**Q** 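Mind having a look at this structure? Questions to follow.
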2 protein chains.
Amino acid sequence: MNIRVVLADDHKMILAALRSMLEKETDIAVVGEAGDGAALLELVARTMPDVAVVDIGMPGMNGIEATQRLLVGQPRLKVIALSAYSDKRFVLEMLNAGAKGYLIKASAGDELSRAIRAIAQGQTYLCPEVAGTIVDAARDKTSLTGHTGVNLGRREREVLALLAEGKSSSEIAARMHIAASTVEVHRRNIMRKLDLHSVAELTKYAIRQGLTSP
Amino acid sequence: MNIRVVLADDHKMILAALRSMLEKETDIAVVGEAGDGAALLELVARTMPDVAVVDIGMPGMNGIEATQRLLVGQPRLKVIALSAYSDKRFVLEMLNAGAKGYLIKASAGDELSRAIRAIAQGQTYLCPEVAGTIVDAARDKTSLTGHTGVNLGRREREVLALLAEGKSSSEIAARMHIAASTVEVHRRNIMRKLDLHSVAELTKYAIRQGLTSP
DNA sequence: AAACAAATCCCCGGTACCCGGTAATTTCCG
DNA sequence: CGGAAATTACCGGGTACCGGGGATTTGTTT
């Protein structure tokens, strides 16, 4: 019985490359590809796969949000997160969202098929780099017991996205039809929540989150 | 006669995936993989391939610098740039560096093999998105005739990298053992040269250049 | 030698960011 | 319903960014 897999990434070429890598495995069948979160939701509902390999950094709906929504409708689906970064926040958020596996793109190529098989059997698979961050986080149990603390509000995400575009507070205020002072409060709350202290760090976080493109 | 190809990308999994995609083509042989610019130089000198597929965003030596150095030693080598972005500056810099092809990762998967065949026959291959930016640039011929205007000095690149890390001017000054005022001059010169006007834009540019990781 | 670019340093002024606190309203969830 | 969170808004202060100018040294090019 083949393991039915769908792939989600915003780069078509990466999708095609991952597909041909997985097609070499006789026990794995790639039954669909999606370029963004919305397409992934539709694809999963239609094809009912066993495993979804989801890139975190996708435009529009990012991988974390897509995973949350996905598992509401398809609780039996197994999700493997695929990301360029092993950032602690992403790992925890993605696992909290319900992902059963986490790989970084710097992992060896054959780790993906091994992860798929492990996850399909109900196991959890983390690549070594990520496993390290998990045990670190387990030390200060606050970050595992509660949520990660990084739950930005809808408006805060909007502000963050515009900040990362290079917009000034007043420009953002005009765009969002609120006072500049409010924009500043949002920014400061974002910085406090994420423990970041400069526009550069905010920008990089927004890029990792998929809120804007580099 | 097979086309001998080497691949360079900082993500091992992407390398493996691209390799298995290309191995389906009977007339293309992948003879090596490199994870950064230095490894690519060594690999090319050792294997003497026909074509090098180079990701622009690599840590350490980025794809543009690697391409320049590569073509000094191996003028007959054909380089295909592979990037997540179709930014005008990168396209022009990469082509000026000597690349014969430019693909974005959002291109269709089979474009890579088509591009490799075209380049191996001495042609030039640009994906549609990039071709558009080229003709746009051709309109104001200044950007094609002369250099792209983006020739940052060594110190300017150092400042830019630290700025994109979230460091303040005084922190950068301490790190580089120069006065804070000098750091500010560098920053302003960078902004003027690149026509960017905020730390967020500088950060994104630095990321695209591979000067820092998101 | 002269011309030029790069890198270094300083001054000034304006603006926007960064951080602190306070507080009202709306929205969401137990 | 009641509390928590999100969203809205303002005040004030310090610092750093942003843009303009000028000046010197060094090294390269012509």
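Protein chains get the first letters and strands the later ones, always in sequence-line order, with residue 1 at the start of each. Everything numeric here is computed off the predicted structure, so don't read it as measured data.
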**Q** Give a yes or no on whether a salt bridge exists between A:Glu111 and B:Lys12, defined as a side-chain N under 4.0 angstrom from a carboxylate O.
**A** no
**Q** Given side chains that start at C-beta, do those of A:Leu41 and A:Leu70 come closer than 4.5 Å, heavy atoms only?
**A** yes
**Q** Measure CD1/A:Ile190 against P/D:dT8 and give the value in whole Å, please.
**A** 12 Å
**Q** Given B:Cys127, which of B:Leu112, B:Ile104, B:Leu82 fulfils the side chain to side chain contact (heavy atoms under 4.5 Å, CB included) condition?
**A** B:Ile104
**Q** How many whole angstroms separate atom CE of B:Met191 from atom P of D:dG19?
**A** 6 Å
**Q** Before accepting this row, confirm whether a basic side-chain N of the pair B:Glu184/B:Arg188 lies closer than 4.0 Å to the acidic partner's carboxylate O.
**A** no
**Q** Going by heavy atoms closer than 4.0 Å, what residues in residues 176-183 of chain A are next to DNA chain D?
**A** A:Ile178, A:Ala179, A:Ser181, A:Thr182
**Q** How large an angle, rounded to 10°, do the end axes of the helix from C:dA1-D:dT30 to C:dG30-D:dC1 enclose when each is built from five base pairs?
**A** 60°
**Q** Less than 4.5 Å apart, side chain to side chain, heavy atoms only: is that true for A:Tyr205 and A:Leu160?
**A** yes
**Q** Strictly below 4.0 Å, N to O, side chains only: are A:Lys204 and B:Glu165 in salt-bridge contact?
**A** yes
**Q** In whole Å, what is the span from the CD1 atom of A:Ile172 to the C1' atom of C:dA16?
**A** 12 Å
**Q** Does a side-chain heavy-atom distance below 4.5 Å link B:Val183 with B:Leu162?
**A** no
**Q** Evaluate salt bridge (charged side-chain N to carboxylate O under 4.0 Å, His left out) for A:Arg154 paired with A:Glu158, printing each intermediate quantity in order.
**A** CA-CA 6 Å; A:Arg154 180 178 50 86; A:Glu158 288 180 42; 3.4 Å; yes
**Q** Are side-chain heavy atoms of A:Leu202 and A:Arg187 found at a separation under 4.5 Å?
**A** yes
**Q** Can you check each nucleotide of nucleotides 20-30 of chain C against protein heavy atoms at under 4.0 Å and return B for base, S for sugar-phosphate only, - for none, in 5' to 3' order?
**A** BB---------
**Q** Less than 4.5 Å apart, any side-chain heavy atom of B:Ile178 and any of B:Arg155?
**A** yes
**Q** Let me know the distance between CZ of B:Arg155 and C1' of C:dC9, rounded to the nearest Å.
**A** 13 Å
**Q** Is the shortest side-chain heavy-atom distance between A:Met13 and B:Leu18 below 4.5 Å?
**A** yes
**Q** Given D:dG19, D:dC18, C:dC17, identify the nucleotide with an atom nearest to the side chain of B:Glu184.
**A** D:dC18
**Q** Under 4.0 Å: is that the gap between some side-chain N or O of B:Ser168 and OP1 or OP2 of D:dA16?
**A** no
**Q** Looking at every strand, decide which applies to A:His186 at a 4.0 Å heavy-atom threshold: base, sugar-phosphate, or nothing.
**A** base
**Q** Classify A:Ser170 by what it touches in the nucleic acid, base, sugar-phosphate, or nothing, heavy-atom distance under 4.0 Å.
**A** nothing
**Q** Going by heavy atoms in the side chains, are A:Asp9 and A:Lys105 under 4.5 Å from each other?
**A** yes
**Q** Nearest-Å distance, NZ (B:Lys167) to C1' (D:dC17)?
**A** 17 Å
**Q** Among the nucleotides C:dA7, D:dT8, D:dC17, which one has an atom lying closest to any side-chain atom of B:Arg187?
**A** D:dC17
**Q** Rounding to a whole Å, what distance do you find between A:Glu201:CD and C:dC18:C1'?
**A** 13 Å
**Q** Can you tell me the distance, in whole Å, between the CG atom of B:Asn189 and the P atom of C:dC10?
**A** 16 Å
**Q** In whole angstrom, what separates B:Leu163's CG from D:dA16's P?
**A** 14 Å
